[in-house]
Amino acid sequence: MRSPKLAALELKRFGRGKLPRAALVAVLLLPLLYGALYLWSFWDPYSRLDRIPVALVNEDKGATADGKKINAGDDIAKGLLDSKVFQWHEVSDAEARKGVEDGTYYLSLTMPGDLSTRIASSSGDAPETGALRVRTNDANNYIVGQISRTVFSEVRTAASTKSSRTFLDKIFISFSDIHDATAEAAKGAGELKEGVDKAKKGSKSLADGLKDAKKGSGDLATGLKKLDRGAGDLETGSRQVANGTQALADKVNGRAAQVRPYLKNNGKTIGDTARLVADSTAAVRHDLEDVVRRAPIARTAAHLADDHLDALHKKECVDNPLPDPKACPVLKEAKVSADDVAKIADGLHELTKDSDGDLKKLDGRLATLQKQAEDLAKAAPHLDEDLEGAVKKINKLNEGALKVAKGADELHTGLTSAKTGSTNLDTGVGKLKKGAGDLDGGLFKLADGSGELATGLNDGVAKIPDYDKQERDRRTEVMADPVALASQSLHKAPNYGTGFAPYFIPLSLWVGAMVAYMLIQPLNRRALAAGASAWRIALAGWLPVAAVGLLQVAALMSVLHWGLGLQMARAAGTVGFLALVTCCFAAIIQWLNARFGAAGRILVLAVLMLQLTSAGGTYPVQTSPGFFNAIHPFLPMSYVVESLRRLISGGGIGPVWQAVAVLTAFTVGALALTAVSARRKQVWTLDRLHPDLSL
């Protein structure tokens, strides 16, 4: 008998009574308990969070910042009540604490009394962080605590963002104020630089002027020292002159009485004598002029006579063999005298040749003497009268000399004081010169510094932002929430149930196949007794459960799609793939039951648990301990979960084809092992007749 016929006969026996029919229906609907019913229970829990009672405590007393009232607690409470994230109950802190403890409320959110004060402090000198207090009780429900952390994190972020907007808006307003103030400072720095430049120019002129003044004061001090010494000499000299004029006046006054009668009585004689001296002087000057005029002629004549006498002496006395003994001595003496005369004539010529020499001076003195003698001759008749005038002049001279001596003394005293003052002046001007130099150097540095300050402030003005209200609002919005979460979910699951369907569907199909083999024999006994081939026996035990599994897939997916609203990106692919899955699971469970008998049912549960813990159906398998990561690639449900995610939510189907290959291999392999077990079962043993365990 063929395997399909054997399978049909196996299923036919479930139609022989009400109970077998009910059992078959239960097997068909069993996956709904694990799949549809379980998924239905938490299909979209986040849409019903408003049914969870949560205590809301608002103790915030508000605050005032920059004349504005801040009520952060009221704002947050209003936002939460409007959002209806939870079923909020506004209660006191004591009621909230008691309610969370006894389970009336799953958790509580408290806004402390100083929340607004702390938020307002962000613009003050001592900023503080505002804190929202959350009270949970995992004894009530652990998952609610996890959900609340996410929700309240968003609440905290929203509150922080709002506070940051206010704080940052003040910062940007401060930027504008700083910009304007810096612009004013830059303008002032520019004016300062202009003033410093002028001051520097003035300090340079002052330094140069004081340099000249220092030189002048030094010269003045030196000059006054010399004047002081000169004044001392003048004082001494004028005193000596005064003493001399006094002595002269005394003598003249004493002698004048004696001389005046003589001059009066002998005036004519003095005049004649003076006239004689003048005439004699004039004659001498005339003779001296004649000597000057005749000196060259006399010189020439003297030399000519000297030459003649010398030649004559040579001719008569030297060259003549018979000299005249009487004449020669005379000629020699005459020759010597002529030579002396010639030398005298040369000397006289030399004396008269220098018109500005001694003769000129002598002539000048003679002229002076001549004039003085002539003047005396003219003045001789009234010398006594002149003597009286001279005495008066000498007395006046004496009086003047005395006054000069007194003035020189006063001048010396004044110059001594002036010398001391000029020395002090020179020292002071020196200090002023040094100070002016330091001032000029300092102003030079100040000019550079003020220039750099002006440049830096002007550059700073360009760098300090000056925002208008629109730009300030835009930047405040960005900086208050600088990092936006641009969430883009590829192939997003619309709800919680859709996300977990790839996990619970294979679970329900495994349980369905497991229960089916509790009712259907993994190896057809008739075929075993008839001695059919091992493969036929294996297929005869597998096909009924596979057929039931296909009905289970149809029932489960119908309820999930039309009952719960499960939307599949590839519906046909999903159903076809699940048909392969249930056939694979049936083959594996058949082999475990065929090979290990009653113990195989326990192994089926163990394999199920290993698959559930290593398939990555809830958390990624990478978050599990190493053991589960190690067995993950070797169990079929790992591939089923991954493929169903792609078939239901969408995405590349590469993993699906890989899963098809793996599941086909598992199916064929399990059927082959079942065939081996069937061959062994055709031989009866004591263990088969008296099994150790029977379920």
**Prompt:** Atom CG in Leu644, atom CG in Leu578: separation rounded to 0.5 Å?
**Reply:** 5.0 Å
**Request:** Using a strict 4.0 Å threshold on nitrogen-to-oxygen distance, state whether Glu101 and Arg97 make a salt bridge.
**Result:** no
**Message:** Strictly distance-based, threshold 3.5 Å: is any side-chain N or O of Gln590 a donor or acceptor partner for the main-chain N or O of Ala538?
**Reply:** yes
**Prompt:** Can you find a pair of side-chain heavy atoms, one from Leu612 and one from Tyr503, that are under 4.5 Å apart?
**Reply:** yes
**Asked** Can you check side-chain contact (heavy atoms from CB on, under 4.5 Å) on Val54 and Tyr105, steps first, answer last?
**Response** CA-CA 5 Å; Val54 175; Tyr105 307 115; 5.7 Å; no
**Prompt:** Side-chain contact, heavy-atom cut-off 4.5 Å: Pro53 with Thr104?
**Reply:** no
**Asked** Is the shortest side-chain N to carboxylate O distance from Lys98 to Asp102 below 4.0 Å?
**Response** yes
**Message:** Applying salt bridge (Lys or Arg N to Asp or Glu O under 4.0 Å) to Asp74 and Lys78, what does each step give before you reach the verdict?
**Reply:** CA-CA 6 Å; Asp74 293 343; Lys78 184 178 183 301; over 6 Å; no
**Prompt:** Would you say Tyr517's side chain and Gly541's backbone share a donor-acceptor pair under 3.5 angstrom?
**Reply:** yes
**Item:** Full working for side-chain contact (heavy atoms from CB on, under 4.5 Å) between Val100 and Thr136
**Value:** CA-CA 7 Å; Val100 173; Thr136 62; 5.9 Å; no
**Side chain proximity check, Thr574 to Met557, heavy atoms < 4.5 angstrom** = yes
**Prompt:** Are any of the side-chain heavy atoms of Arg601 and Leu592 separated by less than 4.5 Å?
**Reply:** no
**Prompt:** If you round to the nearest 0.5 Å, how far is CE of Met637 from CG of Leu608?
**Reply:** 5.5 Å
**Complete:** Note: Pro544 and Leu539 closest approach over all heavy atoms is CD-O, 4.4 Å
**Beyond-backbone contact of Arg595 with Val676, side-chain heavy atoms, under 4.5 angstrom** = no
**Message:** For the backbone of Val640 and the side chain of Ser643, can you confirm whether one donor and one acceptor N or O come within less than 3.5 Å of each other?
**Reply:** no
**Asked** Can you check whether Met111 reaches Arg133 side chain to side chain, under 4.5 Å on heavy atoms?
**Response** no
**Message:** Is any side-chain heavy atom of Phe627 closer than 4.5 Å to one of Leu610?
**Reply:** yes
**Prompt:** Does a side chain donor of either Ser108 or Arg135 reach within less than 3.5 Å of an acceptor in the other side chain?
**Reply:** yes
**Request:** Working to the nearest 0.5 Å, report the span between SG of Cys583 and CH2 of Trp542.
**Result:** 4.5 Å
**Request:** Please step through side-chain contact (heavy atoms from CB on, under 4.5 Å) for the pair Val656 and Tyr639, ending with a clear verdict.
**Result:** CA-CA 8 Å; Val656 177; Tyr639 299 93; over 6 Å; no
**Prompt:** Would a distance-only check, ignoring hydrogens and angles, find a side-chain to backbone donor-acceptor pair under 3.5 Å from Asn629 to Ser624?
**Reply:** yes
**Fill in**
CG (Leu81) and CD1 (Ile76) are apart, to the nearest 0.5 Å, by 12.0 Å
**Prompt:** Between Trp510 and Phe585, how do the two ring planes meet: parallel, tilted or perpendicular, split at 30° and 60°?
**Reply:** perpendicular
**Asked** Within the distance-only criterion (no hydrogens, no angle test), does the side chain of Arg570 pair as donor or acceptor with the backbone N or O of Arg646 below 3.5 angstrom?
**Response** yes
**Prompt:** Ignoring hydrogens and geometry, is there a side-chain-to-backbone donor-acceptor pair from Ser508 to Ile505 under 3.5 Å?
**Reply:** yes
**Approximate separation, where rounding is to 0.5 Å, of Glu59 CD and Ser92 OG** = 8.5 Å
**Request:** Using atom types as modelled and distance alone, determine if a side-chain donor or acceptor of His561 lies under 3.5 Å from a backbone N or O of Leu566.
**Result:** yes
**Ile602 side chain near Phe596 side chain, heavy-atom distance below 4.5 Å** = no
**Message:** With rounding to the nearest 0.5 angstrom, report the CD1 to CG distance, Ile520 to Asn593.
**Reply:** 11.5 Å
**Item:** Test item: side-chain donor near acceptor, His632 and Ser638, under 3.5 Å
**Value:** yes
**Prompt:** Taking it one step at a time, do Val91 and Leu56 satisfy side-chain contact (heavy atoms from CB on, under 4.5 Å)?
**Reply:** CA-CA 6 Å; Val91 297; Leu56 178 62; over 6 Å; no
